[in-house]
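One structure is given below, encoded as structure tokens.
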Amino acid sequence: MGRKEERPGHALEVQIPSLFRCPISLDVMRSPVSLCTGVTYDRASIQRWLESGNTTCPATMLPLPSTDLVPNLTLQRLIHLWSSSAAPAPAPAPLVSRRLARDLLHELSSASTSAGDDDPVPPLLKLAEFFSANDVEPIEKNDLVGVGGCTSVLASILVRKGSKLERSVAVARVFALILTSDFIDDCNKKIAIADLVSHIHRSVSALIRVLRDGDSLESQIDAASVLDAIIAASDAEARVLIAEKEELVRELIRLIGPSDEKGATMDRRAVEAGLGCLAGISAAKRARPRMVRAGVVPALARVLRADPAVAPAATAGRALRVMEAAAGCAEGRAAICEDGADAATAVVGRMVKAGREGAEAAVAVLWSVCHAFRDRRAVEAVAATEGGATKLLLLMQTGCSPAAREMAADLLKIFRVSSNRFLAGYDTNTIHITPF
């Protein structure tokens with residue numbers, strides 16, 4: 001049973017159903033998402049749990065084979081209905097009503113087909129307001145995408161020849177809201193992606209332009225988020241073609257963070273958006289040498305060395321998986337071993353506290369350069385890294401995959417494991433080890 005609470009300013013006790021409370025924060029969930037264990041949490045709370053390096057379900061303490069978060073839209077709607085009926089005062093009117101949104105869509109449709117100078121930016125900004133408004137029903141947003149043909153109109157504006165930059169920026173904003181919102185059903189997100197993919201080359205070119213010339217970091221993150229969705233929906237051949245866009249990888253690397261700029265800092269959202277695109281592109285083997293030539297390896301090393309507030313466990317894990325893809329080509333292995341094998345030592349530094357998949361990707365990178373191809377620079381740099389062997393031993397004790405355990409054992413053979421320096425702090429009697 002939920003406990004009774006008194007709302008400030010009202011002598012009314014509202015009984016909150018326990019189902020509506022997040023098991024972590026115990027507050028009413030704003031964005032309920034479910035883990036593979038079937039337990040639902042508020043998105044912000046469970047993301048903090050996972051990004052702290054935890055790999056178990058907080059409620060059941062069962063290990064998580066997947067950390068995917070699935071929006072629980074049914075519960076979301078129930079909470080919304082409950083909060084509307086329980087509220088003593090009427091909810092404020094939506095910033096943009098459904099009827100006005102349809103009028104905006106009609107205006108945009110006319111602008112997308114007109115040869116005149118109709119400016120679509122004002123209605124695009126109002127449409128973005130509609131999709132970002134908390135007081136607009138999710139069903140209304142879904143209806144505009146699924147039935148109203150919203151994304152088809154948006155795509156036609158994005159790919160229109162000679163379209164001004166500010167139009168592309170505004171379109172990217174609306175698409176990013178649709179594709180990253182918990183309130184939009186997956187089937188409607190697929191409609192949005194299909195409209196973009198139907199003009200894939202022009203869509204990608206327009207988004208690269210926003211990524212390169214956008215007047216704010218927010219617009220560049222929007223462009224990367226939409227590109228991530230396009231890449232994820234593309235097959236290997238299409239991903240290679242996308243990667244061949246001359247400026248794309250370079251702009252994604254620039255988005256991730258600074259190289260030599262003194263005083264410059266990384267932005268967590270930008271790092272996540274850029275890594276998402278790079279991870280998608282790296283799935284196509286033919287694209288990997290191009291990524292390496294554009295400088296992806298030192299960029300990933302910078303992410304691995306970044307403060308955990310910028311690169312938490314989940315982000316570091318993704319960076320390690322992209323590094324693993326880079327190590328799958330000769331150019332990538334050479335880049336990892338350059339500059340005194342700087343990238344290899346960065347991999348050792350984040351081998352733990354990057355999630356199980358990230359840790360196993362780190363082992364795969366080190367095994368590739370140190371054992372399979374026996375690069376002397378990498379072997380010497382990694383063997384000299386403080387605590388390197390200890391981390392390998394910890395990994396082998398924590399239920400990693402058989403392949404990762406075998407690779408870790410191979411790496412230990414080439415390190416001077418008898419040295420006290422490498423085994424400092426290792427206690428064979430340790431029982432509770434939580435490197436992730």
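What you see is a predicted model; the values in this text were computed from it and never measured. Note: hydrogens, waters and symmetry copies are ignored here, and every other heavy atom, side chains too, is used. In this chain, residues are counted from 1 in sequence order.
- The side-chain contact (heavy atoms from CB on, under 4.5 Å) search around E251 returns L211, R212, E247, R254, not counting sequence neighbours.
- A 4.5 Å side-chain heavy-atom check between V322 and M291 finds at least one atom pair inside the cut-off.
- The backbone N or O of V348 lies less than 3.5 Å from a partner atom in the side chain of K391, making a donor-acceptor pair.
- Distance alone, capped at 3.5 Å, is enough to place a donor-acceptor pair between the S181 side chain and the F183 backbone.
- Judged as a ring pair (Phe, Tyr, Trp, His ring centres under 6.0 Å), and not counting sequence neighbours, the contacts of H371 are W367.
- When the shell of 6.0 Å around CD of E406 is examined, it contains 12 or fewer heavy atoms from other residues, nucleotides or ligands.
- Although no hydrogens or angles enter the test, the distance criterion places a donor-acceptor pair under 3.5 Å between the side chain of R239 and the main chain of S234.
- Remark: L252 CG to I231 CD1 distance equals 6.5 Å, nearest 0.5 Å.
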Using the rule given for salt bridge (charged side-chain N to carboxylate O under 4.0 Å, His left out), can you reason through R333 versus D375, listing the C-alpha separation, both sets of side-chain angles and the distance that settles it, and then say yes or no? CA-CA 9 Å; R333 291 189 294 273; D375 189 287; over 6 Å; no

**OP:** Given side-chain hydrogen bond (donor to acceptor under 3.5 Å, both in side chains), test S225 with T180 step by step and report yes or no.
**Re:** CA-CA 8 Å; S225 298; T180 61; over 6 Å; no

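- For the atom pair C277 SG and I253 CD1, the distance stands at 12.0 Å (nearest 0.5 Å).
- Scored by the ring pair (Phe, Tyr, Trp, His ring centres under 6.0 Å) test, F20 finds W82 as partners (sequence neighbours excluded).
- Counting only distance, with no hydrogens or angles, the side chain of S45 and the backbone of Y41 share no donor-acceptor pair below 3.5 Å.
- Rounded to the nearest 0.5 Å, atoms OG (S132) and NZ (K141) are 7.0 Å apart.
- Taking 4.0 Å as the cut-off between side-chain N and carboxylate O, D307 and R350 do not count as a salt-bridged pair.
- Annotation: the span from T67 atom OG1 to L69 atom CG amounts to 7.0 Å, rounded to 0.5 Å.
- No donor-acceptor contact under 3.5 angstrom links the side chains of D195 and S152, judged on distance only.
- In this structure, the separation between CD1 on I79 and CE on M29 is 4.5 Å, given to the nearest 0.5 Å.
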* To do: I would like to know whether L217 and L255 meet side chain to side chain contact (heavy atoms under 4.5 Å, CB included); could you show each step before the answer?
  => CA-CA 8 Å; L217 181 63; L255 179 66; 3.8 Å; yes

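- Residue pairs that meet the side-chain hydrogen bond (donor to acceptor under 3.5 Å, both in side chains) test with at least one member in residues 278-291, sequence neighbours left out, are E237-R286.
- Distance check: T398 OG1 to R356 CZ gives 6.0 Å after rounding to the nearest 0.5 Å.
- Ion pairing of E272 with R318 is absent here, as no side-chain N (NZ or NE/NH1/NH2) approaches a carboxylate O to less than 4.0 Å.
- When only modelled atom types and interatomic distance are considered, S401 and E360 share a side-chain donor-acceptor pair under 3.5 Å.
- Residues passing the side-chain contact (heavy atoms from CB on, under 4.5 Å) test with R305 are A301, D342, T345, A346, sequence neighbours excluded.
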Stepwise side-chain hydrogen bond (donor to acceptor under 3.5 Å, both in side chains) check, S205 with K245: CA-CA 8 Å; S205 295; K245 298 284 185 180; 3.1 Å; yes

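- Using a cut-off of 4.0 Å between Lys/Arg side-chain N and Asp/Glu carboxylate O, D42 and R30 are scored as not salt-bridged.
- Evaluation of the salt bridge (charged side-chain N to carboxylate O under 4.0 Å, His left out) test over residues 51-74, restricted to residues two or more places apart or in two chains, returns E51-R268.
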